[in-house]
Amino acid sequence: RTIVAAMAATILATLSGGAAAQNYPKRPVEMVIPFGVGGASDIFARQYSQIAEKYLGKPLVAVNKGGAGTIEGLLHAFGAPADGYTILEITPSLLIVEAQNKSSVKFRKEFEPIMRVQSDVVLFGVSAKSNFKTLDDLLVFAKANPKKLKIGGLSPGGLDDYIANGFARAAGIQWTYVPYKSGSELKAAVLGGELDVYQDKLISFVSLMSGGDVRPLVVLNDKRLDVPALKDVPSSVEKKINFTQGSWRGFVVKKGTPEPVKKILVEAFQKAYDDPAYKELEKKEMTNLVPGYMKADDFRKLWDTEYEAYSTVFKELGLVKQK
């Protein structure tokens, strides 16, 4: 009887999933953005939604839930039904929240990937007035003067913090991470001499560099970037520093979303990725210089790899909350 009941439940679930897919989507779908309005991740999610909704057949409505370092967005998406009507945009920040044990909702356990769309490269540099002309100059000084150099970023315990300290760990140096509230404050600190080292994502870095304000020293990547202004800037791997962490953006749904519904979402988001309108955006934002696209299965494996790396570094920094 137990076997028969289990088989009946499986068949019923399959049929109900198929029925859900036949009617899906019958209303607008919510796109939860776990960041405030106007930032790079917010702009990306809104732009991508506008392209994807052409293929989904219903509007993708952006909802910003930017509090508590992505936790508000995580909880909002987790609290919604697993029916495909709530999609969550994600970045490494969601894995960092889990690695630091900051939320009772465990991201990797409760969500399933749709796809990763893009990857963003991070660069380190210095003010144009700095005495450090090359990465080697900087590393020699840092090794001789532990923790004296200051490198800035956004939010303590966030991705910038991990990148700064993960790189330092791989390079065999120690420096001091200084968090700022906004990108504009961070840039002002670099130009004003408060910070020794500037880190930023490619498009922001290049915009500051084009004015002659900063000097790039290294690209966190396995090879140099195919950008004329950066052709002489070495990669971290080239300098024998095996650290290439950048940012990335993708989309997930709550675990338990019916497979046929998930399939419809994956197909719509894939068509959006292949759309010339997105390719144009990618080119404009310079997010096409390193491979960013990942199908669901590969994306899921990446979560585990990055989670372990975040856990290691943040434990060393004492930033992991005890359970």
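These numbers come from the heavy atoms of this one structure, side chains and all, not from hydrogens, waters or symmetry mates.
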### Task
I would like to know whether Asp136 and Lys239 meet side-chain contact (heavy atoms from CB on, under 4.5 Å); could you show each step before the answer?
CA-CA 9 Å; Asp136 291 338; Lys239 300 301 291 184; 3.2 Å; yes
To the nearest 0.5 angstrom, please state how far the [atom1] atom of [X] sits from the [atom2] atom of [Y].
{"X": "Asn221", "Y": "Leu230", "atom1": "CG", "atom2": "CG", "result": "11.0 Å"}
{"X": "Thr244", "Y": "Lys223", "atom1": "OG1", "atom2": "NZ", "result": "12.5 Å"}
{"X": "Leu317", "Y": "Thr312", "atom1": "CG", "atom2": "OG1", "result": "11.0 Å"}
{"X": "Ser93", "Y": "Leu74", "atom1": "OG", "atom2": "CG", "result": "11.5 Å"}
{"X": "Leu195", "Y": "Ser130", "atom1": "CG", "atom2": "OG", "result": "11.5 Å"}

Taking all atoms of both residues into account, what is the closest heavy-atom pair of [X] and [Y], and its distance?
{"X": "Gln199", "Y": "Ile151", "value": "CB-CD1, 4.3 Å"}
{"X": "Lys187", "Y": "Ser204", "value": "NZ-CB, 4.1 Å"}
{"X": "Gln100", "Y": "Lys102", "value": "OE1-CE, 2.7 Å"}
{"X": "Trp175", "Y": "Ala168", "value": "NE1-CB, 3.6 Å"}
{"X": "Ser311", "Y": "Val320", "value": "O-CG2, 4.3 Å"}
{"X": "Lys143", "Y": "Gly172", "value": "CG-O, 4.0 Å"}

For [X] and [Y], indicate whether the former's side chain and the latter's backbone hold a donor-acceptor pair under 3.5 Å.
{"X": "Ser127", "Y": "Val214", "result": "no"}
{"X": "Lys254", "Y": "Ala80", "result": "yes"}
{"X": "Lys255", "Y": "Lys109", "result": "yes"}
{"X": "Asp222", "Y": "Val237", "result": "no"}
{"X": "Arg116", "Y": "Gly292", "result": "yes"}
{"X": "Asp161", "Y": "Gly158", "result": "no"}
{"X": "Arg224", "Y": "Ser235", "result": "no"}

### NZ or CZ of Lys65 within 45° of Phe35 ring axis and under 6.0 Å
no
### Distance under 6.0 Å and angle within 45° of ring axis: Arg27 vs Tyr85
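Yes; both conditions hold, so Arg27 lies above the ring face of Tyr85.
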Side-chain ion pair, [X] and [Y], N-O less than 4.0 Å:
{"X": "Lys54", "Y": "Asp275", "answer": "yes"}
{"X": "Asp120", "Y": "Arg249", "answer": "yes"}
{"X": "Lys283", "Y": "Glu280", "answer": "no"}

### Query
Can you tell which of Lys201, Glu282, Gln118 makes a side chain to side chain donor-acceptor pair (under 3.5 Å) with Thr287?
Gln118
### Centroid-centroid distance, Phe107 to Phe78, less than 6.0 Å
no
### Task
Applying side chain to side chain donor-acceptor pair (under 3.5 Å), name anything that partners Thr305, two or more places apart in sequence or on another chain.
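Residues passing side chain to side chain donor-acceptor pair (under 3.5 Å) with Thr305: none at all.
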### Message
Applying the ring-ring contact (aromatic ring centres under 6.0 Å, His included) criterion to Phe124, which one of Phe205, Phe167, Tyr198 satisfies it?
### Response
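Single ring-ring contact (aromatic ring centres under 6.0 Å, His included) partner of Phe124 among Phe205, Phe167, Tyr198: Phe167.
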### Message
Other residues, nucleotides and ligands only: do more than 12 of their heavy atoms fall within 6.0 Å of NZ on Lys301?
### Response
no
### Task
For the residue pair Tyr293 and Gln270, confirm or rule out a side-chain donor-acceptor distance under 3.5 Å.
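Note: Tyr293 and Gln270 side chains meet the donor-acceptor criterion.
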### Message
Test: ring-ring contact (aromatic ring centres under 6.0 Å, His included). Region: residues 215-268. Which pairs qualify, not counting sequence neighbours?
### Response
Phe44-Phe251, Tyr48-Phe251, Tyr162-Phe243, Trp248-Phe299, Phe251-Phe269
